[in-house]
**Student:** 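Structure in structure tokens, see below.
So you know, we letter chains A, B, ... as the sequences are listed, proteins then strands, and number each from 1.
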Amino acid sequence: MMSEQDKSQLTEEAVANKPTAKKATVKKAATRRKTVAKKAVVKKPARKKSVARRVDKPASVLIVGAGFAGLGMAIRLKQAGIEDFVILERANQVGGTWRDNTYPGAACDIPSNLYSYSFAPNPGWSRSFSGSDEILGYIHHLVSAFGLSRHIRFNQNVSALTFDEQAGLWLAAVEGGRTVQARAAVMAQGPLSNAAFPDIDGLDTFQGKKIHSARWDHDYDFSGQRVAVIGTGASAVQIVPELAGRVKSLKVFQRTPAWVIPRPDFKTPRWNQRLFAKVPASQKAVRKALFWTHETMALAVIWNSPLTRLAERLALGHLRNQVKDDWMRRQLTPDFRIGCKRVLVSNDYYPALQRDNAQLITWPIARLAPNGIRTSDGVEHQCDCIVFATGFDVPKAGTPFPIRGLQGRELGEEWATGAQAYKSINVAGYPNLFFTFGPNSGPGHNSALVYMESQLDYAVRAIGRILGDNLKMLDVKEDVQARYNRHIQKRLAKTNWNSGCKSWYLTEDGFNATMYPGFASQYQRQMADVNWADYQQIPASG
Amino acid sequence: MASIDLDKMLAKIKSSQWALADIDWDAPGAEKITAEQWPKLKAFMADLMWIEHVGARGFAAMAKKAPNDTLKQIYTYFHAEEQRHANAEMALMKRWGMLDGDRLPKPNKNLRLVIEWLDRYSDDMPLEVLGSVIPMLEIALDGALCTFLLETVDDPVCHQAFARINDDESRHLGVGFHVLEMQGHGDTYIKVLKAIGTLMDPRLILGIASYVPLLNRMRDNIIDMGLGEERLYAAMKKFERIGGRTADGRRNPWYQIISRHGRLVVNRDHRLYHAPVDAMVRLTNRIPDRVMPSRVPTWVKGITYKPVV
């Protein structure tokens, strides 16, 4: 957890960062900020009154989700002087992914100094790769340091988002009958927020305990239990080493082996934390170095280059080093190009699989039976508990709830064959709506939050325009969006993600609506400016 | 073209999974094995089980080479299914009191050589080779041996198990011949050249040296059991017949090589073939244990007679 000193550091940094929101376009926004800020000041007393009364009055912005994206959006809005926003959160806590993923060993695969917001640095990270509780602690800090809690409404599950063309307002229908209105809406619900059980025959017949990695049951006592883990992705490689030491027996069911590279994880020395606290520039420098190190990895994982071979050799060397048995090594060797699926980082996954009480099972799962898992070799593996590290239901060809834009068009239908947007953030026909982690914004090699920051700043600029110029609609042009997507898909065709493996990045038909085919710095450049000519701007009448 | 829809086949495979636990291995009927049958059956079952196990390893190698994801998945299932057959056959041996405790029966020396070869080289072999040899092994050894067994053994549990095994095998053969034809499609000349290139690969020569005597040994085992070897030959001819039913199948040089070799095997008068091969079988029997490959690959130990573990 962060110390008090760290907290103040965080706040100070945020304040210090406020005027440094530099880019030329932001200047414009800054001039508008005064007007917007005035508006916000006028509204301030109203905020003290009951929540129910505020519902009727449209807010400037509504944000769906209080995870990293939603809270980051809120901070950037505040820093731009836009105070009149509402965050709708379906749970009763902030944190999104990091609130939900509390399984043992949960941690981020990206170094914490890069997996955090540059506008809210935390000098106190205890490790190079922090655990989920520490990341969640950081998120809670964002809330308190930037005074976000009064904007968040918990237990508000949005069931539909509809644009009112006449009024130029987004209406969020919330389960329970409420409707929240705002001039702009930000989708920050997270692409990986719905835990998915795999489609296995007999899933409901299993009588033992079932736990999903993203819905961990902390009350369940694993000691002395026979445990099965289904899935060998990013969550599983973190769970397996933690569970192996606690349980009687552990069977890990693998369908496709992933590439695993070593994790340079270490404790941050005290002097380092002190240095970061005292000389924030030193932390910025480290962040920058980490950023560029990850950028070079793009050459290995996004495109097929000599660096790809090098990365594969590194991973195979790691495997050879840690696994002595030929057959097991064969079972753990991926047969697709590195980068095609998410690359995993772990030092203790392979050793855990080789413990006496652990076993790697690579037979296909035929079905679940009341007492265990039946594999296609005809054997039933009996167990007391099954851990599903099977990931999430990713709405690649749809939206988490119906989103209706102009002339009643429905986004889920439009996206049925694969989602697409303009610069990942706007969709034609859905004015004043902004997506975080929208179509083709996923990184394969760098921190998701780096991409996120670019999205947030882009959205702030556009929202500033809507509010400042009193626009009813800011809607990206259809042809601009189509051109953008043709270009993106052309570039994607040359990437490792589209090189033939099956992954959650692709739809059933192999359409890639998830990843951004380029460097993070390229993405940042793309998002640095809003080209107003790409948008239809319709002023509010009167 | 007798081609099959691989996607439908995969769906069918997925919906046809069965487990050892579906069979009551303690049901009455085990006593129907006669005292006279018992020792021969024991040796026969051990061979059969090992052949299935070895076939499984072949499918594992093929899964790595599959040209598309559906075929890859199918081979992954077939790998597991062959293992299931080996497990079921081991469970029958257990039922008939043929296992020494929980221990795996020892594979004969020809099989040990095949295991060693598969473990070392099968992943490096082109799909064309394995894709042609596997249907032959399946149809000749697996298919024919299973029929013999059912004619000789009256135990209903054995029939129950083999009804399921044969059901799986019919799908394996369907896919096997489909792939054989798939690979015969296209320019024959290039295929022949490639086949000649592969044939000169010393790794494949070693493989042939393990495969060839195995067939003759199985023939001898069948005769030992008091069964007519003609049945084995009939099965091998079936490979030639089904594999050669389409022009694509016939154009596959590996089909040509393997079916021609099959003709040699079934022609007992062909002294030029049988004399040296029989000598090879005798020779392998004489290889002292200490020079046999001592390293047992881990996959060999994956077999079990237990329905639940």
**Student:** Relative to chain B, which segment of A:R330 carries a heavy atom at a distance below 4.5 Å: side chain, backbone, both, or neither?
**Tutor:**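 For A:R330, the contact with chain B is made by backbone and side chain together.
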**Student:** Is it true that A:D384 and A:R226 have a side-chain N and a carboxylate O under 4.0 angstrom from each other?
**Tutor:**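 A salt bridge links A:D384 with A:R226.
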**Student:** Where does B:D123 contact chain A at under 4.5 Å (heavy atoms): side chain, backbone, both or neither?
**Tutor:**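 Interface part for B:D123: side chain.
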**Student:** Which atoms of B:W299 are under 4.5 Å from chain A, going by heavy atoms: the side chain, the backbone, both sets, or neither?
**Tutor:**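 Both the backbone and the side chain of B:W299 come within 4.5 Å of chain A.
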**Student:** Look at B:P297, B:A86, B:A60 and state which one has the largest set of heavy-atom pairs under 4.5 Å with chain A.
**Tutor:**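 If we count pairs closer than 4.5 Å to chain A, B:A60 comes out on top.
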**Student:** Could you tell me how the ring of B:H53 sits relative to the ring of B:W50: parallel (under 30°), tilted (30 to 60°) or perpendicular (over 60°)?
**Tutor:**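 Aromatic pair B:H53/B:W50 classed tilted.
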**Student:** Identify which part of B:R120 has an atom lying under 4.5 Å from any heavy atom of chain A, answering side chain, backbone, both or neither.
**Tutor:**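 Neither part.
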**Student:** Going through the distances and angles, do B:T70 and B:D7 end up as a side-chain hydrogen bond (donor to acceptor under 3.5 Å, both in side chains)?
**Tutor:** CA-CA 6 Å; B:T70 310; B:D7 287 314; 3.1 Å; yes
**Student:** Where does the angle between the aromatic ring planes of B:F78 and B:Y75 fall among parallel (under 30°), tilted (30 to 60°) and perpendicular (over 60°)?
**Tutor:**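 Perpendicular, since the angle between the ring planes exceeds 60°.
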**Student:** Under a 4.5 Å heavy-atom cutoff, which of B:D69, B:V309, B:T76, B:T298 has the most pairs with chain A?
**Tutor:**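 Option with the greatest count: B:V309.
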**Student:** Is A:D335 paired with B:K65 through a side-chain N to carboxylate O contact shorter than 4.0 Å?
**Tutor:**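 So B:K65 does not pair with A:D335 through a salt bridge.
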**Student:** Answer with side chain, backbone, both or neither: which region of A:I361 has an atom nearer than 4.5 Å to a non-hydrogen atom of chain B?
**Tutor:**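 The answer is neither part of A:I361.
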**Student:** Do the ring planes of A:H381 and A:F253 sit parallel (below 30°), tilted (30 to 60°) or perpendicular (above 60°)?
**Tutor:**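 Ring orientation of A:H381 relative to A:F253: perpendicular.
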**Student:** Chain A heavy atoms under 4.5 Å from B:K306: which part of the residue, side chain, backbone, both or neither?
**Tutor:**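 The backbone, not the side chain.
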**Student:** Start with the C-alpha gap between A:K341 and A:T256, add the side-chain angles, then the distance that decides, and say whether side-chain contact (heavy atoms from CB on, under 4.5 Å) holds.
**Tutor:** CA-CA 10 Å; A:K341 283 168 185 263; A:T256 317; 4.1 Å; yes
**Student:** Give the member of B:K14, B:E81, B:K64, B:Q73 that has the highest number of heavy-atom pairs under 4.5 Å with chain A.
**Tutor:**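 Answer, by heavy-atom pair count under 4.5 Å with chain A: B:K64.
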